[in-house]
Amino acid sequence: MTDKKQTRAASGAGMSGAGAKADPPVHAASISGEAIEILMHEKRRFEPPPGFSRDAHIRSLEEYQQLYDRSMTDPEGFWAEMAEQNLHWFRHWDKVLEYDFDRPQVAWFIGAQINVCYNCLDRHLTGEGRHKAAIVWESDSGEYRTFTYGQLALEVNRFANVLRKHGAGRGDRVSIYLPMIPELAIAMLACARIGAIHSVVFGGFSAGSLADRIRDCGACMLVTCDGGMRGGKVVPMKAHADEALRSCPTVEKVIVAERLGGRATAMEEGRDSWWRDEMEADDVDDYCRPQELDAEDPLFILYTSGSTGAPKGVLHTSGGYLLYAHLTFKWIFDYKPGDLHFCTADVGWITGHTYVVYGPLSNGATLLMFEGVPAYPGPDRLWRIVDKHQVSIFYTAPTVIRSLMREGAHWVEKHPLKSLRLLGSVGEPINPEAWMWYFENVGHGRLPIVDTYWQTETGGIIITPLPGAMTMKPGSASRPFPGVAPQVVRRDGSPAPPGEGGYLVVDKPWPGMLRGTYGDPEHKRVKEVYFEKFPGKYFTGDGAAVDAEGDYWLLGRIDDVVNVSGHRLGTAEIESALVSQESVAEAAVVGFPHEVKGSGVYAFVVLRQGYDGSDDMRRVLAAHVASEISPIARPDKIEFVSGLPKTRSGKIMRRILRKVAAGETQDLGDTSTLADPEVLDEIVAERL
Ligand code: WT7
């Protein structure tokens with residue numbers, strides 16, 4: 001291991017910190033420099049195992065290239081063929097694609113009718129398919145339960161009727177605040193069946209974050225539960241929900257699943273009812289006819305953080321999203337009917353939507369849903385699960401790999417892991433050291449790893465190896481999926497040559513891409529955030545470089561978004577949580593390289609007169625952020641300062657703060673525009 005590689009290992013997603021966007025905006029040249037040099041230093045190559053390629057959906061680079069070329073020269077023909085071969089449509093489309101990235105506006109399969117739930121359940125119910133396992137659920141404490149496709153369909157149909165009975169229908173929003181229990185998938189599929197739009201809110205969010213998300217979409221109903229179990233501890237979800245609902249007047253009905261049992265939770269008369277009571281009511285039928293929906297009818301809203309303002313409700317629609325989820329799942333995970341797919345992501349994030357629920361179920365696959373956490377009761381929990389259930393496809397995040405790596409390889413070695421045939425990674429750049437550890441210790445040097453790059457907005461994976469077709473390079477996410485046209489560009493929009501870092505954009509629409517954000521019918525916000533910086537192209541917010549062979553290397557976010565353990569947070573959100581605390585006058589938050597989390601949260605805080613910058617104060621502020629947003633957002637470091645470095649026009653110079661947080665205090669770049677240079681000396685001296 002060279003020193004250079006170590007640097008990369010320690011930085012991980014923190015690359016974003018190093019070369020990150022700033023005011024004034026970053027120059028492409030500053031994204032390249034050291035980061036690229038370190039990456040391109042990585043020379044290890046691994047070919048797909050021959051046996052794997054022979055049986056894969058896509059067997060060679062030539063085969064991939066043919067598909068890819070076709071998807072570029074004739075995108076409509078390519079996607080029409082995929083749509084016909086892979087999904088069930090009630091009505092055929094009149095037109096495959098209409099788009100205009102200037103407005104921006106995108107529509108796929110215009111005039112077609114489809115039902116996502118029908119595609120995920122009904123069409124698998126013929127013959128023996130009815131008795132195949134759809135969901136294997138393992139609880140926090142290690143009990144497990146299996147739902148066959150037939151059983152799952154029955155639950156979903158009945159719950160769809162429950163939703164209808166309470167007045168939910170096409171276009172209505174239903175918020176879902178549940179832990180990783182089967183009811184979560186059931187509620188989503190039931191919404192899809194009747195055309196209601198689901199908005200799943202991650203169970204780890206606080207009452208305040210939940211309330212913001214319910215209010216933004218004006219949900220008429222909330223599906224929640226009495227409490228969750230994580231790592232042996234009870235999470236009082238209903239209490240959070242009750243608190244949130246005090247400021248959510250649109251919610252008329254709350255359905256409460258029983259996870260803890262005992263019905264000890266307080267219920268509000270007239271508003272709340274138990275899931276089981278609703279499902280067992282005599283007037284609830286076993287069958288609910290799937291609504292024939294337009295391909296562009298919204299399927300779900302999922303909130304995600306951006307560089308400015310409150311989280312936005314990313315909107316995905318039915319036909320294009322499902323086709324993209326279906327095909328990426330099949331080809332990237334090389335899905336075969338005998339597989340058991342285990343994606344460790346929570347369904348509260350996009351990874352869970354696409355690769356726990358919709359991708360696997362639309363393929364008729366068996367998925368494993370895990371309620372707990374990787375380190376409970378011991379750091380080998382995930383490997384126990386793999387062996388116990390004979391998992392064949394395992395998909396997790398670099399932060400999980402790094403944290404298990406730290407516990408030592410002996411936790412993995414105890415487990416044979418013979419059933420595995422493919423490994424995946426998602427959420428942030430995977431540093432070559434973590435990649436190698438995963439490859440050697442979990443994959444025993446014989447399993448392909450797919451490093452899959454994508455975002456909430458992209459709906460599914462957009463840059464990835466196809467495991468039977470591509471040479472793996474640790475740290476590179478390889479090539480674009482067919483139909484996706486990424487480019488690395490310079491600040492002026494011109495293409496960056498191989499080896500030069502730049503901005504990652506996508507030049508053409510693909511079926512899984514976002515259609516907008518909720519509550520923005522004119523697409524103003526979407527235009528501003530994704531389509532304005534590089535006119536006519538979708539801007540990801542990430543930096544990247546392409547090597548001479550055409551493989552992509554992701555460099556992390558170049559906007560004010562930090563990726564903490566694969567969870568996306570806007571620094572602006574954390575700042576506004578901090579200043580909402582009475583003692584805080586001003587705050588600036590940046591990401592910094594963190595060995596396990598990828599990025600940690602570093603807060604520079606100016607206190608009001610009369611408050612002391614003590615450790616107690618640090619604890620108070622950290623707890624305040626955790627309760628305002630989520631424990632994920634809790635600052636790792638809080639530095640008290642008497643002022644923030646600003647330009648004469650009053651803009652905080654985050655570029656400098658990022659350098660300080662990263663410990664790069666020798667080279668702070670151009671500081672000549674600072675209004676008050678002394679502030680900076682103090683900030684550097686007090687660095688934690
Ligand atoms: C951001 C999107 C959709 C996956 C879960 C996160 C980063 C994601 C990779 C990867 C490098 C990655 C990017 C992206 N990211 N996967 N394989 N290599 N970076 O979804 O919360 O919408 O975050 O995660 O920075 O923009 P998300």
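Each ligand, and each atom within it, is numbered from 1 in the order the structure gives. Just so we're clear, the structure is a prediction, and the values are computed from it rather than from any experiment. Values below: all heavy atoms of this structure, side chains included; hydrogens, waters and symmetry mates excluded.
No side-chain heavy atom of Lys537 sits under 4.5 Å from any side-chain heavy atom of Phe531. Contact of the Lys597 side chain with the Arg402 side chain is not registered, since no non-hydrogen atoms from C-beta on lie closer than 4.5 Å.
Residues with a heavy atom under 4.0 Å from ligand 1: Ile350, Thr351, Val426, Gly427, Glu428, Pro429, Asp451, Thr452, Tyr453, Trp454, Gln455, Thr456, Asp542, Leu554, Arg557, Asn563, Arg568.
The pair Arg515-Glu296 meets the salt-bridge criterion, with a side-chain N (NZ, NE, NH1 or NH2) lying under 4.0 Å from an Asp/Glu carboxylate O.
Seen from the ring of Tyr68, Arg479 does not count as a face-on cation partner, given the 6.0 Å and 45° thresholds.
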Pair Ile461, Thr354 - check side chain to side chain contact (heavy atoms under 4.5 Å, CB included), show working. CA-CA 9 Å; Ile461 296 161; Thr354 307; over 6 Å; no
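Between the OH atom in Tyr395 and the OG atom in Ser425 there is a gap of 7.5 Å [rounded to 0.5 Å].
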